[in-house]
Undergrad: 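Structure in structure tokens, see below.
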Amino acid sequence: MLQCKNIMKDYVSGDEIVHALKGVSLSFREHEFVSILGQSGCGKTTFLNIIGGLDHYTSGDLIINGKSTKDYSDKDWDTYRNHQVGFVFQSYNLIMHQSVLSNVELALTLTGVNKEERRKRAIDALNKVGLSDQIHKKPTQMSGGQMQRVAIARAIVNNPDIILADEPTGALDSATSVQIMEILKEISKDKLVIMVTHNPQLADEYSSRIIRLKDGTLVSDSNPFNETETDVDTSVLKRPGMSFKMACSLSLNNLMTKKARTFLTSFAGSIGIIGIALIMSLSHGMQSYIDQMENDTMASYPIEIQSSSSDMSTLMTTMMGMKKKTEEHKGSKIYSRPYVEDVLESLSSSKKNNLSAFKSYIESNKGKEFRKTAKAIEYDYNLNLQVYNENTDSGLVQVSPNGLLDKLGMSDMMSLQSQFMDSSSMTNDQVWLSLPESKKLRDDEYQLVEGKWPTNYNEVVLEVDENNEITDYALYSLGLLDQDELVKNYQKILNGETDKISKTNLKSYSVDDILNLKFRLVLNSDLYQKVNGLWINQSENESYMKDVVSKSPEIKVVGIIKPSESTVSQPTMGGVYYTKAMEEYVTSKTENAQIVKEQKANPNINIFTQTEFASGQKMSMSNLTNEQMMQLSSMSQEELMNYMNTYNENINATYDSNLTKLGVVDYSTPTKISLYASSFDGKEKLGDLITSYNKKQIKSNVITYNDFIGTMLSSVTSVVNIISYVLIAFVSVSLIVSSIMIGIITYISVLERTKEIGILRSIGASKKDITRVFNAETFIIGLTSGVLGILITLVLNVPISVVVENMTGVSHIAKLPVNGAVFLIFIDLVLTILAGLIPSKIASKKDPVEALRSE
Ligand SMILES: Nc1ncnc2c1ncn2[C@@H]1O[C@H](COP(=O)(O)OP(=O)(O)OP(=O)(O)O)[C@@H](O)[C@H]1O
């Protein structure tokens, strides 16, 4: 079955060539007990290793079952060692960190025998060597003889045809040696046992054939065998291979023998992960905080589209000098840079939005997506509600439009501001405000604290803040505090008499005080009185106004509301909220007013001046008709003044502007459309819908709007992201350092496990299997360090969150996202496996014979 033909083996050692075998030709029987004797260094072990496929001959041939091995590949040799040969070594060569049973099972595992079968066969083999009761011991807990018996059990477990024993009794006392020889003799009854020994007595006593070598040549053979030609064995043996699970279990057992080192390595490896995971936690926490804020804030801030809007972002970048340089100037010339020009340009780029087209689109079938996405759509019209409070300390007070700033002389400033802050309307000087038309929106934004919601046009509610407060600004504006007092104080400040300012003490009102508040609703058209056939603005005429106000419908405060807790909207100043019903009442009344009817009947004539529109001329005697001259001459001094004022006020008046002035509302043309979303995503979708609406429109119908908060928050987000990326880049260095460290430690492990590599190779493990064992080791370390890093991060996140919460009030700032954690573990695994690739390649390249010799 086994035939050596003129086998020669040369070793190259430095410049020298050692001829270890100088042409050995021999044949072996299928079952016999052969002993090889000879002096030390004569080539016995070399010969045995060549027969066992651990080492390869330089020339000659080894015929296995009639087949030449000249063309054997590495894989063929691995298969041969696994299935047909069992090795027994002088130094036992057991894997010390594996149990007796695992050591024996190892060869079967490589063959892919299932667990049950493997166990059964391993126990059988151990039974044959008399160790079935010690299977769970570790080799370190056994005597030399016992270990050698385990080695024999391992050699026979795969039922090989050949057992090769290299001085199996070399390290044993004579009594134990006898036991081992008995076992080998028993095995040789149906197998070929070839044993190298220095003990001629044992050889004589137990073996059936003795071969002597001297200086690499065969000198005697006590029972030669001349093999007749045997049939070539064509049976295909299953190639051995180690599963990754098996590799992991081997490496895990090895790592468990050095728990402290494994832990420290994993911990060191996890430091990089901890760093990145902490940054990730914080930036994720920040991000979710911002998202939360966005969701709360942005969703409750509607998208507001004004009838005219200016491009705020261009203006802001221009004003802040952030505009990019257009060209690079070199040389000694000095150039002008447009700044004022740019500011003016962006101011002039204020654009008219065609809201009537947009409104009809939203309300048409095409705009149903808008209606579906938006929680509520609110329309504002050009309606200047005229509301007065007649029961105040300072007489008749105009509540709407708010007259307070006018009294203080600040209205110009406010109107300038409102021009810029149009869409965000962060500052609102009005205290007479409209409730949303949508009941859902109303209930989302406000909660009723006292009284009831308005059910009639002449009912309103008063808004206070969450702390039951209402600003003095609102109180002055509504006439509940004395406006004259405030004006006096303001004058004192202007005059530098700051010490004379009298402070109003904190006031409080009972619910009844509030629910007894009354206002008067005046029509715009009521402000004009026909005098001598001309409509004169009488709003400055106190006695006229008192009279009009007293005859106007009474408005009652019927409830007190608060902003609801869920909405994070702008801080409230307090004020009175009216319903759409009031608006409708005013518009329908206005339609019937005499002055309105007159204007509508004469669309070409300005009823205030009784002249045609668009004359664009200042009052001048020369362009008056005779009739008008007559009329003027009959007027008193005062009436004449009024007429002149009215005339000049009306130079640029148009039919539409007159109707607006009189409070006529065109419901097809809103001045503002507010789209409310129920979520941040919804708001984004509304933005997308507007974009797609714009795409379908002609240029003049394209609408623009400013989303300040969106722009602000998105820049905060990008700052957080940039900081996180920079920090992660820094910390990544430590991840790489720890990976290199793991590579070094794996290399040390390779050195430590060299013997194991030899053993595995001797039982048929391929080079790939060896690579796998070490890859498994780095895999385990990588996984442990990754998981450890994540666990430590999770623990650290708790105190970090607590500290941040104490400092800033923002809770749960450090939270690691699940996918981030998985990603980090994955990255750590990849890096450590990469770092371990070189050491595991080195391991696989190790010569099995040398590996076995190492200690
Ligand atoms: N890897 C090697 N490189 C160089 N020379 C080697 C190598 N392995 C063995 N040799 C040499 O080959 C010869 C045969 O060695 P081998 O180990 O086969 O002897 P041996 O008969 O088994 O000796 P011992 O009984 O002492 O184990 C020796 O001279 C040895 O120095």
Side-chain angles (χ1 to χ4, degrees), residues 306-307 354-360 362-363 377-388 398-401 430 432-438 454-460 519-531 533-539 541 544-545 547-556 576-614 646 649-650 652-674:
Q306 310 269 348
S307 54
N354 186 346
L355 291 191
S356 59
F358 189 45
K359 183 183 175 185
S360 57
I362 291 177
E363 288 182 340
I377 301 174
E378 297 283 324
Y379 301 99
D380 281 16
Y381 301 95
N382 211 349
L383 176 73
N384 247 349
L385 275 186
Q386 300 289 329
V387 182
Y388 289 83
Q398 189 176 13
V399 175
S400 169
Q430 296 301 324
W432 194 261
L433 307 149
S434 75
L435 269 180
E437 194 173 5
S438 145
T455 46
N456 206 349
Y457 86 88
N458 65 348
E459 291 176 342
V460 291
F519 300 93
R520 294 281 186 175
L521 178 63
V522 178
L523 301 182
N524 280 286
S525 51
D526 288 342
L527 301 179
Y528 304 93
Q529 191 188 18
K530 202 164 192 176
V531 184
L534 285 177
W535 290 99
I536 304 292
N537 185 351
Q538 298 286 22
S539 56
N541 182 341
Y544 172 85
M545 281 312 292
D547 184 46
V548 168
V549 167
S550 65
K551 286 183 198 150
S552 295
E554 201 170 55
I555 304 292
K556 286 175 282 187
V576 168
Y577 282 75
Y578 60 88
T579 57
K580 286 280 156 183
M582 181 181 286
E583 273 185 27
E584 277 157 23
Y585 170 84
V586 170
T587 48
S588 71
K589 279 274 171 200
T590 307
E591 289 291 336
N592 292 323
Q594 180 60 28
I595 181 170
V596 174
K597 280 185 182 162
E598 239 172 70
Q599 179 64 77
K600 282 197 167 176
N602 304 298
N604 293 324
I605 304 291
N606 184 345
I607 40 125
F608 294 111
T609 58
Q610 294 300 338
T611 56
E612 284 200 10
F613 282 115
T646 318
E649 268 172 28
N650 279 279
N652 294 319
T654 61
Y655 173 71
D656 285 337
S657 75
N658 270 9
L659 289 185
T660 308
K661 199 160 151 185
L662 294 172
V664 177
V665 169
D666 175 6
Y667 277 107
S668 69
T669 314
T671 51
K672 186 171 91 177
I673 299 181
S674 310

Undergrad: Flag the pair K600 / L659 as yes when at least one side-chain heavy-atom distance between them is below 4.5 Å, and no otherwise.
TA: yes

Undergrad: Indicate whether the side chain of E584 and that of S588 have a donor and an acceptor atom separated by less than 3.5 Å.
TA: no

Undergrad: To the nearest 0.5 Å, what is the distance between CG (L435) and CD (E378)?
TA: 9.5 Å

Undergrad: Let's go through F608 and L662 carefully: what are the C-alpha distance in whole Å and the side-chain angles of both, what is the deciding distance for side-chain contact (heavy atoms from CB on, under 4.5 Å) to 0.1 Å, and is it a yes or a no?
TA: CA-CA 11 Å; F608 294 111; L662 294 172; 3.9 Å; yes

Undergrad: Which residue is it: V586, L527, L385? I am looking for the one with a side-chain contact (heavy atoms from CB on, under 4.5 Å) to V522.
TA: L527

Undergrad: Do L521 and Y578 come close enough that some side-chain heavy atom pair is under 4.5 Å?
TA: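 Of all side-chain heavy-atom pairs linking Y578 with L521, none is under 4.5 Å.
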
Undergrad: Classify the side-chain pair N384/N524 by whether it contains a donor and acceptor separated by less than 3.5 Å.
TA: no

Undergrad: Please assess I377 against I362 for the test side-chain contact (heavy atoms from CB on, under 4.5 Å), listing each intermediate value before the final yes or no.
TA: CA-CA 9 Å; I377 301 174; I362 291 177; 3.6 Å; yes

Undergrad: Starting at OG of S552, measure out to CD of Q386 and round the result to the nearest 0.5 Å.
TA: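 CD of Q386 is found 10.0 Å from OG of S552.
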
Undergrad: Does Y544 offer a backbone N or O that forms a donor-acceptor pair with the side chain of N541 under 3.5 Å?
TA: yes

Undergrad: Treating T671 as the side-chain partner and D380 as the backbone partner, does any N or O pair qualify as donor plus acceptor under 3.5 Å?
TA: yes

Undergrad: How far does OH of Y528 sit from CD of Q599, to the nearest 0.5 angstrom?
TA: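 Rounded to the nearest 0.5 Å, the OH-CD separation comes out at 11.0 Å.
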
Undergrad: Is any side-chain heavy atom of D526 closer than 4.5 Å to one of K551?
TA: no

Undergrad: Under the salt bridge (charged side-chain N to carboxylate O under 4.0 Å, His left out) test, which residues partner K580, sequence neighbours left out?
TA: E583

Undergrad: Taking all non-hydrogen atoms of both residues into account, name the closest pair between S539 and M545 and its distance.
TA: O-CG, 3.4 Å

Undergrad: Tell me if the aromatic rings of Y667 and Y379 count as close, with their centers under 6.0 Å from one another.
TA: no

Undergrad: Could you report the tightest heavy-atom contact between Y577 and S434, atom names first, then the distance?
TA: CD2-O, 3.6 Å

Undergrad: How close do I607 and W535 get, heavy atom to heavy atom, and via which atoms?
TA: O-CD1, 3.6 Å

Undergrad: Does any part of the side chain of S400, heavy atoms only, come nearer than 4.5 Å to the side chain of F519, both counted from C-beta?
TA: no

Undergrad: Please tell me if the side chains of P454 and T579 come closer than 4.5 Å, counting only heavy atoms from C-beta onward.
TA: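 Result yes, sub-4.5 Å side-chain heavy-atom pair found.
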
Undergrad: Suppose we screen for side-chain contact (heavy atoms from CB on, under 4.5 Å). Which residues come up paired with D656, at least two apart in sequence or across chains?
TA: T654

Undergrad: Return the OG1 to OH distance between T669 and Y381, rounded to the nearest 0.5 Å.
TA: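 These two atoms lie 9.0 Å from each other.
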
Undergrad: At what distance, to the nearest 0.5 angstrom, does CD of E598 lie from OG of S525?
TA: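 Output value for this atom pair is 12.0 Å.
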
Undergrad: What is the minimum heavy-atom distance between L355 and S307, and which atoms define it?
TA: CD1-N, 3.6 Å

Undergrad: Drop me the distance from T587's OG1 to N592's CG, to the nearest 0.5 angstrom.
TA: 10.5 Å

